[in-house]
Amino acid sequence: MKYTADEVMQYAAEEDVKFVRLAFCDIRGRQKNIAILPDELGRAFRYGIAIDASAIAGFGGEVHSDLFLHPDTSTLTFLPWLSEHGKVIRMFCHITYPDGTPFEADTRSILAKAVDCAHEQGVSFAFGSEMEFYLFKLDENGEPTKLPYDNAGYMDIAPEDKGENVRREVCFTLEQMGIKPESAHHEEGPGQNEIDFRYSDPVTSADNAVTFRGVVNTVAARNGLCADFSPKPLENRSGNGMHINISVRSEDGGDALPQVIAGILAHISDMTVFLNTIEDSYLRFGSNKAPRYISWSSENRSQLIRIPAAEGEYRRAELRSPDPACNPYLAFALIIYAGLDGIRQDMALPEAADINLYTAPEDVRAKFAMLPSTLKKAQSAAARSSFIAASLPQAIIDFYTK
């Protein structure tokens, strides 16, 4: 919902708000914040709130290190678990230099720019995330272990599924914050869970993904557990994916989805280091329904991109390679730019791979290009990519590739 600065300040006064969290993300997509008192809201809206960028990885050195946070009033929400002695509200921010120039490593602004580019081309995107995570027990000192909270399997129910109440609390908390989950269930791994979101515009969807990780971590801790979003928490078990559902609409009424998929397939190798950001990301590929080959199909979970069985407004493409360690703002921005390139160049989809690539003979699989198999290979692909160079600031590219 759109609020004015005056409406936010009035809300803070009327609803007994004690603290205001100004939230942003570092280059890797980790949420950061600074808390101010409600009396400082006027200054925040007029001038911004200064932070020391030198203390945040990728944000710069000690020289000229001041950056300013400017709250986005449309992201106003309250944090339900912090309302016992007065409310705490949160707003996401965009980041500038002291002179008001946008900070080039502000990944939320990078995504907003990609959205603007799409609108200029007469196209709008929407994204929905499916994020998986494990719940692990804590040891006697309160430190995380690798002992799963349960040994349930895919879509099992209680009592085998012990994560049911945790997922329910996560969903209730998100609803209180204005975020509507679509579904929740136990995943294949022991202690592994998934909660899915209905699609939203790209910036809102990325904000929701960041919020979701924070809520899950908070709720898990309140229940004496640790949530783990890493791509491969347990060897020989299912990894955590962040499947991204992509919808696209064109002002001319045409079906741009095939060209968008073709663009993503054409640039996926160059994009991979931004979708799969750590070494363990590459241990997930090729097993337990995680893709390895650059391919697409309908209703086939062995593929990189699948087209689920849906019609009308629910028709979408599902990109299955990203994992929850990625920065969703960068991931969505690159998907948009790749899709726009597919539309501009009128790219044709390759032939659908209507086979199970996990069980197909080697001579069949050899016909398909593979995703980068290591972090180093993914970094090299991005570093030499003209597509990446045209899509992202050099500071972002250097951070991920060097």
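Throughout, numbering of the chain's residues begins at 1 and tracks the sequence. A quick note: this is a predicted structure, and the numbers were derived from the prediction, not measured.
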Validation row, ring centre F136 to ring centre Y149 under 6.0 Å = no
Are any non-hydrogen side-chain atoms of L375 and E279 less than 4.5 angstrom apart?
-> yes
Which of these passes side chain to side chain donor-acceptor pair (under 3.5 Å) with Q303: S297, S298, S295?
-> S295
Do you know which of N327, I388, L330 makes side chain to side chain contact (heavy atoms under 4.5 Å, CB included) with I396?
-> L330
Under 6.0 Å from the six-membered ring centre of Y154 and within 45° of its axis: does the NZ or CZ of K289 meet both?
-> yes
Compare all side-chain heavy atoms of C93 with those of R21 and state whether any distance is below 4.5 angstrom.
-> no
Carefully, step by step, assess F45 and T73 under the rule side-chain contact (heavy atoms from CB on, under 4.5 Å).
-> CA-CA 9 Å; F45 289 128; T73 58; 3.4 Å; yes
Student check: side-chain heavy atoms of S205 and F332 closer than 4.5 Å | yes
Taking the side chain as every heavy atom from C-beta outward, state whether F229 and N217 have any pair of such atoms under 4.5 Å apart.
-> yes
By side-chain hydrogen bond (donor to acceptor under 3.5 Å, both in side chains) - contacts of K32 (at least two apart) | none
Under the criterion side chain to side chain contact (heavy atoms under 4.5 Å, CB included), which of R320, E182, E318 is the partner of E130?
-> E318
Which pairs would a plain distance check flag for residues 109-128, meaning a side-chain donor or acceptor within less than 3.5 Å of a matching protein atom at least two apart in sequence or in another chain?
from	atom 1	to	atom 2	distance (Å)
S109	OG	D106	OD2	2.6
Q121	OE1	R344	NH1	2.9
Q121	NE2	L340	O	3.4

Any chance you could lay out the salt bridge (charged side-chain N to carboxylate O under 4.0 Å, His left out) test for D323 and K232, step after step, and finish with the verdict?
-> CA-CA 9 Å; D323 63 59; K232 196 70 171 176; over 6 Å; no
What residues form a side-chain contact (heavy atoms from CB on, under 4.5 Å) with A383, not counting sequence neighbours?
-> T401
State, to 0.1 Å, how close I355 and V364 come at their nearest heavy-atom pair, and which atoms those are.
-> CD1-CG1, 3.4 Å
Could you please spell out the steps behind the salt bridge (charged side-chain N to carboxylate O under 4.0 Å, His left out) verdict for E169 and R222?
-> CA-CA 10 Å; E169 187 176 343; R222 285 162 61 96; 3.5 Å; yes
How are the rings of H94 and H70 set to each other: parallel, tilted or perpendicular (split at 30° and 60°)?
-> parallel
Could you check if a side-chain atom of N165 sits within less than 4.5 angstrom of a side-chain atom of R168, using non-hydrogen atoms only?
-> yes
SB check E164 R167 (cutoff 4.0 Å) | no
